[in-house]
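One-based numbering, in listed order, for ligands and for the atoms of each.
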Amino acid sequence: MSSLTGDLAATIGAEHVLTGPDLMTGYTTDWTRRYQGTATCVARPGTTAQVAAIVQVCARHRVAVVPQGGNTGLVGGAVPANGDVVLSTRRLRRLDPVDTLAGQVTAGAGITVAELQAHAAAAGLEYGISLASRDSATVGGTIATNAGGLYTVRYGGTRAQLLGVEAVLADGGVISRLGGVRADNTGYDLAQLLAGSEGTLGIVTAARLRLWPVEPHAVTVLTGVGGIETAVSLLAEIRSRAPGVRAAEYFEAAGLALVRAHTGLPAPLPRAYPAYLLVEVTGPADQADHLARIAALEDAAVAVDPAGSAALWAYRERHTEAISAAGVPHKLDIAVPVASLAALRGALDGAVSAAAPPGRTLRMIVFGHIGVGNLHVNVLGPDPADQAVDEVVLRLAAAYGGSISAEHGIGRAKVPLLSNNRSAQEIGAMRAIKTALDPVGLLNPGVLFT
Ligand code: FAD
Ligand code: MLT
Ligand code: ZN
């Protein structure tokens, strides 16, 4: 009988089938180093037809397929379990000219967010998703996770950018809807079904994406605040005067200290504060003036040019790398109604210390997309396999009427806790969809469901 790797090599070329630990480590360990697995091989197709052929070969050999883009996901969803085939989409590099009439573009799954942003900018348009992983995170991965990011408060998450997909299903069939017809009421929206499906329903090979007009860069403000309650009310005041808020981010003294130790950046403000609010407003000049006036009342750093803005953003964007440099974090990505943010934040300290293993002190770093009620709770200290703090924090979010995954997904990390957010009926309906499209569980088993 032929071997799996032999059949894959015959299908896509031996040079695109990676085997052996040295070549595969970057694909079998996640970005945080918390999740690891083993793979039979990594297959790197260059076309949609090759993706379909790989799926068929794996089905014949009864070996699961784990789709992987940039491997920047934070919930272990792109990490293989035992002996799966990792299907890397990075060679799917289609990038069509921007359709400036429609404000749309078709991009291959392996195009990175940064490449897409640059491509849109060259045509005078803007992609609505931006995130610190932009140089590695891919179009396919951001669709599969329905990534949020820094501008969600203005443009929505990846679902809101998605107009159509091309994807390979578990039977090797290809669905394609890349025409960009926005007025289209012809049944189920399969693109939206695949968004957030975390590689369990199909492998996205290309997507039709919405672009936005470039807005005049106006003003970025970083201000110190007493805590999250003040940050929430200051943001509400800013939004009432400047509806063009496109980013509203929060971080705290503990995170700033880590970022500064990691990067060597100077203090952002003359005084130190318990917490910080970063707001970016674009649009008409009078909105920017309002923000600048509000900022003048506070201790704030204000930037009106891209370089100055990037310097302020670094304090927020470099949190993830600074935390990972300090250890293997437990990354808990939660959201609650904005009105409950302060109460949730108040409850977190006690809940996290109560979950500490005997004799250990845990470090908690909280930051996030406060404009959409999303906090990233990062805990350093527990062993990677210890789930105690994960359970406590995620249950707390659910108890405050929130989500156990604001933007990173369920992956392998949060499978046992999905029922905190989804009813038995909802999980049953999701399982029915999974079974209909992937009856033998070929695609990403162990992700989203047990
Ligand atoms: P991967 O990590 O490779 O995969 C993620 C999931 O998608 C897996 O389940 C995988 O199986 C599936 N998948 C990948 N490609 C495909 C495909 N073509 N078809 C079907 N399934 C596929 N996330 C946010 O939402 N907002 C942020 O602000 C943000 N900031 C980040 C900053 C840093 C520094 C880092 C490291 C991560 C950040 N993330 C953020 C998380 C991560 O970047 C996103 O989840 C991103 O969408 C993952 O894209 P990827 O290409 O790396 O996907
Ligand atoms: C972010 O907002 O920076 C990301 O979601 C990454 C993280 O949570 O660390
Ligand atoms: Zn985030």
Side-chain angles (χ1 to χ4, degrees), residues 26-27 30-33 35 45 48 51 55 64-80 84 86-92 107-113 129-152 157-158 165-170 194-207 247 249-251 255 259 313 316-324 329-335 365-372 374-378 405-413 443-448:
Y27 298 87
D30 82 316
W31 196 91
T32 67
R33 312 183 301 279
Y35 304 100
T48 300
V51 174
V55 166
V65 178
V66 177
Q68 187 182 99
N71 198 15
T72 66
L74 298 172
V75 288
V79 174
D84 304 337
V86 174
L87 189 154
S88 169
T89 58
R90 287 183 218 170
R91 289 183 61 236
L92 300 173
I111 296 295
T112 66
V113 170
I129 299 296
S130 189
L131 64 189
S133 54
R134 57 181 73 78
D135 290 324
S136 305
T138 60
V139 163
T142 49
I143 291 169
T145 56
N146 182 32
L150 307 171
Y151 299 148
T152 314
T158 301
V165 290
E166 177 189 81
V168 173
L169 302 181
L194 287 174
S197 66
E198 301 189 46
T200 61
L201 298 181
I203 301 167
V204 175
T205 51
E249 298 287 318
Y250 172 80
F251 56 90
V259 168
W313 268 107
R316 162 61 183 88
E317 286 211 63
R318 299 194 69 179
H319 266 66
T320 309
E321 61 177 269
I323 292 165
S324 275
H330 289 234
K331 298 187 79 71
L332 308 163
D333 157 43
I334 57 178
I365 300 101
V366 179
F367 65 98
H369 315 289
I370 193 179
V372 290
N374 179 182
L375 290 184
H376 295 312
V377 181
N378 288 253
S405 173
E407 58 173 10
H408 297 163
I410 298 298
R412 295 185 190 283
L443 299 179
N444 231 358
V447 166
L448 204 49

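Annotation for ligand 1: atoms under 4.0 Å from non-hydrogen atoms of A144 are 7 (O), 12 (C), 13 (N), 20 (C), 21 (N), 22 (C). Atoms of ligand 1 found under 4.0 Å from any heavy atom of A147 (numbered from 1 in listed order, with element): 25 (O), 47 (O). The contact set between ligand 1 and H369, taken as ligand atoms under 4.0 Å from a residue heavy atom, comprises 28 (O). For ligand 1, the atoms sitting less than 4.0 Å from at least one non-hydrogen atom of I203 are 19 (N), 20 (C), numbered in the order shown with element in parentheses. Counting atoms of ligand 1 from 1 in the listed order, those under 4.0 Å from a heavy atom of N71 are 1 (P), 2 (O), 3 (O), 52 (O). Close approach of ligand 1 to N444 is summarised as follows: ligand atoms under 4.0 Å from at least one heavy atom of the residue are 9 (O), 11 (O). Those atoms of ligand 1 with a heavy atom of T320 less than 4.0 angstrom away are 33 (C), 34 (C).
Among residues two or more places apart in sequence or in another chain, the side-chain hydrogen bond (donor to acceptor under 3.5 Å, both in side chains) test is passed with H408 by none. Remark: N146 pairs with no residue by the side-chain hydrogen bond (donor to acceptor under 3.5 Å, both in side chains) rule, at least two apart or across chains.
For ligand 1, the polar-atom distance check against A137 finds no nitrogen or oxygen pair separated by under 3.5 Å. At under 3.5 Å, a nitrogen or oxygen of G69, whether backbone or side chain, sits near a nitrogen or oxygen of ligand 1.
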Nitrogen or oxygen contacts under 3.5 Å, ligand 2 side and protein side:
unit_1, atom_1, unit_2, atom_2, d
ligand 2, 2 (O), R316, NH2, 2.6
ligand 2, 2 (O), H369, NE2, 2.9
ligand 2, 2 (O), H376, NE2, 3.0
ligand 2, 3 (O), R316, NH1, 3.1
ligand 2, 3 (O), R316, NH2, 3.3
ligand 2, 3 (O), T320, OG1, 3.4
ligand 2, 5 (O), H376, NE2, 3.0
ligand 2, 5 (O), E407, OE2, 2.9
ligand 2, 5 (O), H408, NE2, 2.7
ligand 2, 9 (O), T320, OG1, 2.8
ligand 2, 9 (O), K331, NZ, 2.8

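For atom 2 (O) of ligand 1, the choice among G70, G409, G73 with the nearest heavy atom turns out to be G73.
Side-chain contact check for H319 versus V366: every heavy-atom pair is 4.5 Å or farther apart. The closest side-chain heavy-atom distance from V113 to T138 is not below 4.5 Å. The closest side-chain heavy-atom distance from D135 to T112 is not below 4.5 Å. By the 4.5 Å heavy-atom criterion applied to side chains, L150 and E249 are counted as neighbours. Within the 4.5 Å cutoff, no side-chain heavy atoms of L74 are placed close to those of Y35.
Residue-level proximity to ligand 1 for L74 is carried by the side chain, the only part with a heavy atom below 4.0 angstrom.
Regarding atom 20 (C) of ligand 1, its nearest protein heavy-atom neighbour is G202 O, 3.4 Å. Nearest to atom 52 (O) of ligand 1 among the protein's heavy atoms is T72 OG1, 2.7 Å. Nearest protein neighbour of atom 25 (O) of ligand 1, counting heavy atoms only, is G148 N, 2.9 Å. The protein heavy atom nearest to atom 5 (C) of ligand 1 is T145 CG2, 3.6 Å. Nearest protein heavy-atom neighbour of atom 38 (C) of ligand 1: S133 OG, 3.5 Å. Taking atom 29 (C) of ligand 1 as the reference point, the nearest protein heavy-atom neighbour is L131 CD1, 3.6 Å.
At a cut-off of 2.8 Å, measuring from the Zn ion (ligand 3), the protein N, O or S atoms that fall short of it are H369 NE2, H376 NE2, E407 OE2, waters left aside.
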